[in-house]
Amino acid sequence: MTEATGSAEQTGRAEPDNSAALRYTAELAGQIEARWQERWAAEGTFSTPNPAGSLAEPDKIGNRPKLFVMDMFPYPSGAGLHVGHPLGFIASDCYARYQRMAGRNVLHTMGFDAFGLPAEQYAVQTGQHPRITTEANIVRYRAQLRRLGLGHDPRRGVATTDDDYYRWTQWIFLQIFNSWYDESAGPSGTARPISVLIAQFESGARPTPDGRPWDDLSESEQRAIIDGHRLVYLSEAPVNWAPGLGTVLANEEVTADGRSERGNFPVFKATLKQWMMRITAYAERLLTDLDNLDWPEPVKLMQRNWIGRSEGALLDFPVTTVKGEDRVISVFTTRPDTVFGATYMVLAPEHPLVDELTVESQRDAVATYRASAETKSDVERQVERREKTGVPTGSYAINVATGARIPVYVADYVLMGYGTGAIMAVPGQDERDWEFAEQFGLPIIRTVQPPADFDGKAYVGEGPAINSANDEISLDGLGVADAKKAIIDWFEQRGAGTGTVTYKLRDWLFSRQRYWGEPFPIVHDEVGPIALPESALPVVLPEVDDYSPRTFDPNDRNSKPEAPLSRAHDWVEVELDLGDGPMRYRRETDVMPQWAGSCWYYLRYTDPANDTALVDPVVEEYWLGRHRDDPHDPGGVDLYIGGVEHAVLHLLYARFWHKVLYDLGYVTSREPFRRLFNQGYIQAYAYTDPRGSYVPAEEVEEITSGSYEYHGQAVQREYGKMGKSLKNVVTPDEMCEQFGADTFRVYEMSMGPLDQSRPWETRAVIGSFRFLQRIWRNILDEDSGSVTVAEVSAGEETRRILHRTIDGVRRDLDALRFNTAIAKLIELNNHLTKEYADQPVPLEVAEPLVLMVAPFAPHLAEELWSRLGHSSSLAYEQFPIADPALLVEETVTCVVQVAGKVRDRLEVPVGISEAELTELALATAGVRRALGARGVRTVVVRAPRLVNVVPE
RNA sequence: GCGAGAGUGGCGGAAUUGGCAGACGCGUCGGACUUAGGAUCCGGUGCCUUCGGGCGUGGGGGUUCAAGUCCCCCCUCUCGCACCA
């Protein structure tokens, strides 16, 4: 890079002609923008008043209704921003600025999701503390975002790594830890303080699992029972363990071929003691409460699928173990109506009954099969997806419906993690079971009559039951739904089964063996985990010499993770008085996952400096409370803008935490985000040379349509993400330098609908620049700098155009249709350019135009507003309101069609009668010519806009 | 395989309820101003045309006075899930 000289040629700035003193160039835009950003900061323009607490300024709120507009906060990465990142931030800012001008008290700010792996890995490489790089990145991000003119309340922009913030993350953890889910409360249960449960055991109101009196249990027995009820618990869980990385990974950090996304190390399933959060307790509420959220349907659908509710039945199949003991295999099925067709059973390889049921002669085969299933990677399962494998245990169960002895197999197409880990196999009505039955020569009995034209194998559709009767019950002839009901009743009467509901949702793995995350507020004694008191918060992340987890041979599947904090011996070993006098404890050395901090940051935005509570209840209810007039309103953030990549995990975890806080009475809202909007992505072209290496995209030229050259060499174009390795990154800083922040904002908002992805095209940005330049010139003289607007009356036509624009822009902004709002503003401005080329633009049009453009190009608008003689910021000026009288047309253009084709047009009064319009239309030259000799069959009239003449 | 969404000029896109297809912008062509132009301004720009008009919203069929919009079949692309009993 050469040093910037400021000349147009070298910087590529859009400032070719500097002869005019006040020409709207990139340089002038930069000066204006810096000036207004300073003034907004100095005057606290976007400081939003709270009704109570440390930011309380009730007088400033007045009678304005509130609005909470928020972005998904960014991770402050070292790579910096490209033009795709701020798309949502700009959109939320335009909306927030508009709503502020429309009279709302708007809360809009930006924090940082700053714990996480990249900072830790950088620290491992450089030895520099992750806090240092994180804080440096935050400073840089703040500067970049400020340069864009985002109207954030700077007092509320929390970072998840602040001690004052993660103190409350830990506090929420304690509330969840100290709670249990009371299924018996209300229709779907509620979280309650664990003290309530303890009191129930102590009073005898709740029996102990084995029926002994509570007081007879030892302390450790009591603790085990209580810990088993908590919403956070320690569990032996199968996790993704990457020895080469030295850490466990979340599922989304593992590639499709079973390796780590970073480092490409093998990943093994290992069973390790991990912290889990009991999100499954909330499955039903997380599902049903989706109905009242104003969210994109695809996101709701993804959450529904993720939760995966199925209705069915648990059925018991009696079985005798090798040793002659009576047991039952309990299975979950969604099709209890097909039980008469269950001709064999399958246990998952990990099922606890496998050992007891495997006969001597099958021992080796089963052991071999289980071992191979255990080591099978995900990719192998993928490849073998359709090939069914398995081995018989040699034991038989009884199908109580038919009385038949049916064989019990072990097969990996049954998963231990879903249902009971065992199935009744009904090949007649299940494709997987059909395949397995064919492979192993097992009997197939149809229990649902397929239609006559059905030529497939397993039939999974509707139909009357057949072959489904015994001495006590017959399902034959019943439809699927009725048959289900009848057979569940029969099983329930016999005590051999029950109707039930199952979910795919699993509990949330909450431990990470890493350094750069929130420490748990937990210590351990010999018996188990003990929560620290709130007074011990925050549990500050200790200094360590080495931030890296211990790594192993990448293929050493028997290795165990060793968390970085476990080496901080002085911190881990601690003497505390937790009520029974000073005792020695070991601190928990895992840290929380990155999702923890992002689960509740929206709450902290509302009350960032509160040091006695997570959030003041009055403040929470003000910003997030439910609408009183709508019983279905769940409350929450009024608008949450972010990418669809968080459709499930972040948004589900945040909903879960919010519901716990609701149950425990800390928040009044039932949901965190009332309305969600997914912005699209900005994509980019990348170019590869014949060897397949990427070449700098900005130096590629289009030779002819569809063919491209880089320095005279033909290159291939591809379309996708923007990224350093693709050599196609364009940064906001470059755009601000070349055009100014206002132009960049207008361009991003005018590219297309916000929810759609679209390609970045730097050469098209000039159009937005020209638009702002023309506004500038319509209002002041760029040579003298004097305002040319005059207090003259706008003509009738101009006035109507203005008010139509106001009306349309308001509608578009309300619906987040920024691209069409900008198009309407351009039209209005182009009208002024043409109509007032030789005379001053009337003030009554200039001022509303400036106000309407302000959400998009706030600096330019502020500058013009002040030059128009206003001393204060326009941030709180009334957004223009259309005069309804001026929206009503007096005459309209009527389209005259013959056989549906436009043949003529008429300018007619709006109130014209159908008869009169028909007469006028039939007389037009266009109609007579098109009709020729033909007569008229009918005339369709939609007065005053359309007439369609139908010829014979 | 299942589920969801999308296909409109050279490009990004517009078109409340079925009612003027292509708003607005980029690009491009012509002109003005200029020593100069990757600036700015003005004008043209869906395709074909014998200048009457004809054809056009992924392809094919249908409903209707009228279809980008509604219905049926097919093609392509993107995203999500993927042995969930």
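The shown structure was predicted, so the numbers you read here are calculated from the model rather than taken from an experiment. Chain letters run A, B, ... following the sequence lines, proteins first and then strands; every chain starts at 1.
When the nucleotides B/rA85, B/rG53, B/rG19 are ranked by their closest atom to the side chain of A/Val940, B/rG19 comes out on top. Of the candidate nucleotides B/rA39, B/rG25, B/rC83, B/rC83 has the atom nearest to the side chain of A/Lys388. The A/Pro753 side chain lies nearest to B/rG13 when the options are B/rG13, B/rA85, B/rA66. In the set B/rC20, B/rC24, B/rC26, the nucleotide with an atom closest to the side chain of A/Ala764 is B/rC26. The side chain of A/Asn948 lies closest to B/rG19, out of B/rA23, B/rA85, B/rG19. Proximity note for A/Phe332 (side chain, C-beta onward) versus B/rC83, B/rA85, B/rG12: the nearest is B/rA85. With distances taken from any side-chain atom of A/Arg942 to the nucleotides B/rC83, B/rC65, B/rA23, the minimum falls on B/rC65. Comparing B/rA4, B/rA85, B/rU40 by their closest approach to the side chain of A/Thr333 singles out B/rA85. Of the listed nucleotides (B/rA4, B/rG13, B/rC26), B/rG13 has the atom at the smallest distance from the side chain of A/Arg758. Closest to the A/Asn819 side chain, of the nucleotides B/rC24, B/rA14, B/rC20, is B/rA14.
Looking at A/Gln683 and A/Ser757, their side chains never bring a donor and an acceptor atom within 3.5 Å of each other. In this model, a donor atom of one side chain and an acceptor atom of the other lie less than 3.5 Å apart for A/Asn778 and A/Thr833. The closest side-chain donor-acceptor pair between A/Tyr459 and A/Thr447, if any, does not fall under 3.5 angstrom. Residues A/Thr389 and A/Tyr369 bring a donor and an acceptor atom of their side chains to less than 3.5 Å of each other.
Atom C1' of B/rU57 sits at a distance of 11 Å from the matching atom of B/rG46, rounded to the whole Å. Separation of the C1' atoms belonging to B/rG62 and B/rG30 is 46 Å when rounded to the nearest angstrom. Separation of the P atoms belonging to B/rG10 and B/rU34 is 37 Å when rounded to the nearest angstrom. Comparing B/rC77 with B/rA14, their C1' atoms are spaced 22 Å from each other, to the whole Å. B/rG60 and B/rU50: their P atoms are spaced 26 Å apart (whole Å).
Here the P atom of nucleotide B/rA14 and the CD atom of A/Gln756 are 6 Å apart, to the nearest Å. The CZ atom of A/Arg335 sits 20 Å away from the P atom of B/rC83 (whole-angstrom rounding). We find that CG of A/Leu887 is positioned 18 Å from P of B/rU16, with the value rounded to whole Å. Regarding A/Arg905, its CZ atom lies at a distance of 10 Å from the P atom of B/rC20, rounded to whole Å. If you take CG of A/Leu315 and P of B/rA85, they are 14 Å apart, rounded to a whole angstrom. Atoms CD (A/Glu827) and C1' (B/rA15) sit 12 Å apart, rounded to a whole Å. Computed from coordinates, the A/Glu297 CD to B/rA6 P distance equals 13 Å when rounded to whole Å. What separates NZ of A/Lys721 from P of B/rU78 is a distance of 14 Å, to the nearest Å.
A salt bridge does not link A/Glu914 with A/Arg942: none of the charged nitrogens is closer than 4.0 Å to a carboxylate oxygen. Ion pair A/Glu297/A/Lys300 flagged as a salt bridge, since at least one NZ, NE, NH1 or NH2 atom sits closer than 4.0 Å to an Asp/Glu carboxylate oxygen.
A close approach under 4.0 Å does not occur between any side-chain nitrogen or oxygen of A/Asn678 and OP1 or OP2 of B/rC79. Taking side-chain N and O atoms only, A/Lys834 has a distance below 4.0 Å to OP1 or OP2 of B/rG43. Using a 4.0 Å cut-off, some side-chain N or O of A/Ser310 falls inside it from OP1 or OP2 of B/rA85. Using a 4.0 Å cut-off, some side-chain N or O of A/Arg770 falls inside it from OP1 or OP2 of B/rU40.
In B/rG9 the O4'-C1'-N dihedral to the base is within 90° of 0, which defines a syn nucleotide. B/rG46 adopts an anti glycosidic conformation, its chi angle falling more than 90° from 0.
Comparing A/Ile826 and A/Arg777, the nucleotide of RNA chain B nearest to each residue sits closer to the 5' end for A/Ile826. Comparing A/Arg774 and A/Val950 by the nucleotide of RNA chain B whose heavy atom lies nearest to each, the residue mapping closer to the 5' end is A/Arg774.
Heavy atoms of other residues, nucleotides or ligands lying less than 6.0 angstrom from CZ of A/Arg937 number 12 at most. In this structure, A/Arg945 places its CZ atom where only 12 or fewer heavy-atom neighbours from other residues, nucleotides or ligands lie under 6.0 Å away. Counting heavy-atom neighbours within 6.0 Å of A/Glu698 CD, excluding the residue itself, gives a total of 12 or less.
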>> Expected output check: what is the dot-bracket annotation of RNA chain B, where ( ) and [ ] are pairs inside the strand (brackets for crossing ones), | is paired with another strand, and pairs are Watson-Crick or G-U under 3.5 Å?
In response: (((((((..(((......[....)))((((((.......))))))(((....)))..(((((..]....))))))))))))....
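Here A/Leu301 lies in heavy-atom contact (under 4.0 Å) with sugar-phosphate atoms only. Residue A/Val414 is in base contact, counting any heavy-atom pair closer than 4.0 Å across all strands shown. Among the protein residues, A/Arg929 comes within range of the sugar-phosphate backbone only, with heavy atoms under 4.0 Å from sugar or phosphate atoms but none that close to a base. Residue contacts shown for A/Thr938 are absent, as no nucleic acid heavy atom lies under 4.0 Å away. Nucleic acid contact class of A/Arg304 (heavy atoms, under 4.0 Å, all strands): none. Within the 4.0 angstrom heavy-atom criterion, no nucleotide atom of any strand lies near A/Thr502. A/Thr334 comes within 4.0 angstrom of sugar-phosphate atoms only, judged by non-hydrogen atoms across all strands, and of no base.
Paired with A/Tyr719 under the rule ring-ring contact (aromatic ring centres under 6.0 Å, His included), one option of A/Tyr687, A/Trp760, A/Tyr681, A/Tyr685 passes, and it is A/Tyr685.
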>> Assess the residue pair A/Phe739 and A/Phe744 against the criterion (ring-ring contact (aromatic ring centres under 6.0 Å, His included)); give the C-alpha distance rounded to whole Å, side-chain angles, the decisive distance to 0.1 Å, and a yes or no.
In response: CA-CA 7 Å; A/Phe739 300 100; A/Phe744 176 60; 9.5 Å; no
> Can A/Thr743 and A/Tyr24 be said to form a side-chain hydrogen bond (donor to acceptor under 3.5 Å, both in side chains), step by step?
Replying inline: CA-CA 11 Å; A/Thr743 294; A/Tyr24 187 77; 4.7 Å; no
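The side-chain hydrogen bond (donor to acceptor under 3.5 Å, both in side chains) contacts involving residues 744-755 of chain A comprise A/Asp93-A/Arg745, where partners must be two or more places apart or lie in separate chains.
Residues from residues 893-902 of chain A lying near RNA chain B, meaning a heavy-atom separation below 4.0 Å, are A/Val895, A/Gln897, A/Lys901, A/Val902 in numerical order.
Side-chain atoms of A/Lys824 and base atoms of B/rC24 include no donor and acceptor less than 3.5 Å apart.
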